[in-house]
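Here is the structure we will look at, set down as structure tokens.
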Protein chains: 2
Amino acid sequence: MLQIRDGVLQVLAWQRARPPDPGRWALPGGLLGDDEDVATSVRRQLAEKVDVREVAHVEQLAVFSAPHRVPGVRRIATAFLGLVPSDADPAVPADTAWHPVDALPDPAFDHAEIVEAARDRLRAKLSYTNLGFALAPREFTISTLREHYAAALGHPVSATNLQRVLARRAVLEPTGALAPPGPAGGRPAALFRFAEPTLRVTDAFAVLRPPGEHARPAVP
Amino acid sequence: MLQIRDGVLQVLAWQRARPPDPGRWALPGGLLGDDEDVATSVRRQLAEKVDVREVAHVEQLAVFSAPHRVPGVRRIATAFLGLVPSDADPAVPADTAWHPVDALPDPAFDHAEIVEAARDRLRAKLSYTNLGFALAPREFTISTLREHYAAALGHPVSATNLQRVLARRAVLEPTGALAPPGPAGGRPAALFRFAEPTLRVTDAFAVLRPPGEHARPAVP
DNA sequence: ACAAAAGTGTTATTCCTACACCCATGC
DNA sequence: GCATGGGTGTAGGAATAACACTTTTGT
């Protein structure tokens, strides 16, 4: 579960009380039930940690199956990436907290590797899909969105170019409203929202397109 | 397991003799052993069907976990994509055969869905990685490579442009040799090989690059 | 008026597709 | 010579990063 908090990409983890790996931080998860598939199971596990209605996107990452990745009984994990918009502040249990993804202290088992996979996937999909909808608040200025993208991608992002890229792909739509300027003044920023609340690939193939598509498909 | 055969993308399947799903065609696979991870297990399962040295690339696709995807005991499958170069012709057991991916007759269980996922993944990765190395023979002409890409992508591919795209990315290297012309004559074609035998992302991010990279990273 | 923040115009660069043209071989 | 297939040159369209410039607010 990832979220932008205080301008930093953070991951939700809980501190293990009992062996194995006591005191270390683990990702939320649990056993697969007999009557559920892994996606359903993830939703159920999350419900124990946060309000699931605040989770904007969930997707499968990969299977982690090294024979002794967890001491004791063999466990095979199907890792997921979950995203919470930055304007949500879900209540979490006492043993659970958010940590910057770059500095998850003392990760349990192979969970550092899983966080790495999640970060990579997020970075990639921000580039070629509208996945930003799952990180951004409901309404936002381009400035705010720029900060979110920069935090998630790990490098500076230009507000000018971000604006244009997302506009060309019809990913954003203006709400019509304006955000009031800060105490130092400045032009009021226009508010935007994501046009669609679900994942859409906006930049399918950079090369080797089918003939007749000189550029990306036009907006219908 | 996918391979280009007779200019068509084909999938390796075996015909089930016994229930469940007798007579239907299933993908190779089997149970995970106690001392192996899923990647190791896949290699082992494949060894029973083909000479594993002929498999050029294997990667994880996704977990299929619907509670009743297979009758009887609950089974959770980690699906993989495997690729065999077109110049290999592995010996296969009597119940096992290659079928065009578009026309796998009577797929067992949810295997049609898995084949679909494999095809999608292959298509995507051909565009932004050097994955062609796992489909093409050791040495080939651009014409041949064009046919392979067209078969895998499912749409026509221009030899001219394929040549240039792969050249720009330094994915191909000339062997120096020429292929003899066919009976109708024509200029002899230059032979190429893939420069690297392992997966490499050649076209990382179309947009939202870090500052300072006006275009794709230069070749070192 | 001036500083600050937001947004638009414009340019340079690169990439990609399409198509015309040139090259080397067999008959 | 000429048909056939291979390869190169080149032009047109489009996308993106960078940066200059304009707009709108608060002090």
Side-chain angles (χ1 to χ4, degrees), chain A residues 126-128 139-147 149-150 153 155-172 174-192 202-219, chain B residues 126-128 139-147 149-150 153 155-172 174-192 202-219:
Chain A
L126 278 180
S127 276
Y128 70 90
E139 301 192 347
F140 48 83
T141 65
I142 298 293
S143 252
T144 304
L145 192 62
R146 187 194 67 72
E147 288 166 19
Y149 269 75
L153 292 173
H155 64 73
V157 172
S158 142
T160 297
N161 295 331
L162 180 63
Q163 145 87 285
R164 286 215 252 256
V165 165
L166 297 183
R168 190 172 21 238
R169 305 191 173 165
V171 166
L172 298 185
T175 67
L178 297 178
R187 177 172 170 175
L191 286 174
F192 291 83
T202 56
D203 196 21
F205 298 107
V207 293
L208 302 177
R209 281 182 279 273
E213 298 189 21
H214 188 94
R216 290 169 179 78
V219 184
Chain B
L126 278 181
S127 275
Y128 69 90
E139 302 192 348
F140 48 84
T141 65
I142 298 294
S143 252
T144 304
L145 192 62
R146 187 194 67 72
E147 288 166 19
Y149 270 75
L153 292 172
H155 64 74
V157 172
S158 141
T160 298
N161 296 333
L162 180 64
Q163 145 88 290
R164 288 217 251 256
V165 166
L166 297 182
R168 197 178 10 250
R169 302 185 177 171
V171 166
L172 298 185
T175 67
L178 297 180
R187 177 173 169 175
L191 287 172
F192 291 83
T202 56
D203 197 21
F205 298 106
V207 294
L208 303 177
R209 283 183 276 275
E213 298 188 22
H214 189 94
R216 290 166 178 81
V219 184

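All chains are named by letter (A, B, ...) in the order of the sequence lines, taking the proteins before the strands, and each is independently numbered beginning at 1.
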Flag the pair I142(A) / L172(A) as yes when at least one side-chain heavy-atom distance between them is below 4.5 Å, and no otherwise. yes
Separation of atom CG in D203(A) from atom P in dA14(D), rounded to whole Å: 16 Å
With S143(A) via side chain to side chain contact (heavy atoms under 4.5 Å, CB included) - residues at least two apart: T141(A)
Given atom CG of L145(B) and atom C1' of dG7(D), what is their separation to the nearest angstrom? 15 Å
With rounding to the nearest 0.5 angstrom, report the CZ to OG1 distance, R168(A) to T202(A). 10.5 Å
Quick one, give me the B/S/- string for nucleotides 19-27 of chain D, reading 5' to 3', where B means a protein heavy atom under 4.0 Å from the base and S means that only happens at the primed atoms, P, OP1 or OP2. B---BBBSS
Would you please confirm or rule out a distance under 4.0 Å between OP1 or OP2 of dG7(D) and any side-chain N or O of Q163(B)? no
Grab the OH-C1' distance between Y149(B) and dT17(C) for me, whole Å please. 17 Å
Can you name the residues that form a side chain to side chain contact (heavy atoms under 4.5 Å, CB included) with P181(A), not counting sequence neighbours? P188(A)
In whole angstroms, how far is the C1' atom of dT17(C) from the CG atom of L162(B)? 13 Å
So what does A159(B) hit on the nucleic acid, given a heavy-atom distance under 4.0 Å: a base, only sugar-phosphate, or nothing? nothing
Which nucleotide in the set dG7(D), dA6(C), dG7(C) lies at the smallest distance from any side-chain heavy atom of I142(A)? dG7(C)
How long is the line joining NE2 of H155(B) and P of dA18(C), in whole Å? 11 Å
From CG of L166(B) across to C1' of dC16(C) the rounded distance in Å is 13 Å
N161(A) versus S158(A), closest heavy-atom pair with distance: N-OG, 3.0 Å
Would you check if L162(A) and Y149(A) make a side-chain contact, meaning some heavy-atom pair closer than 4.5 Å? yes
Rounding to an integer number of Å, can you tell me how far R168(A) CZ sits from dT8(C) C1'? 14 Å
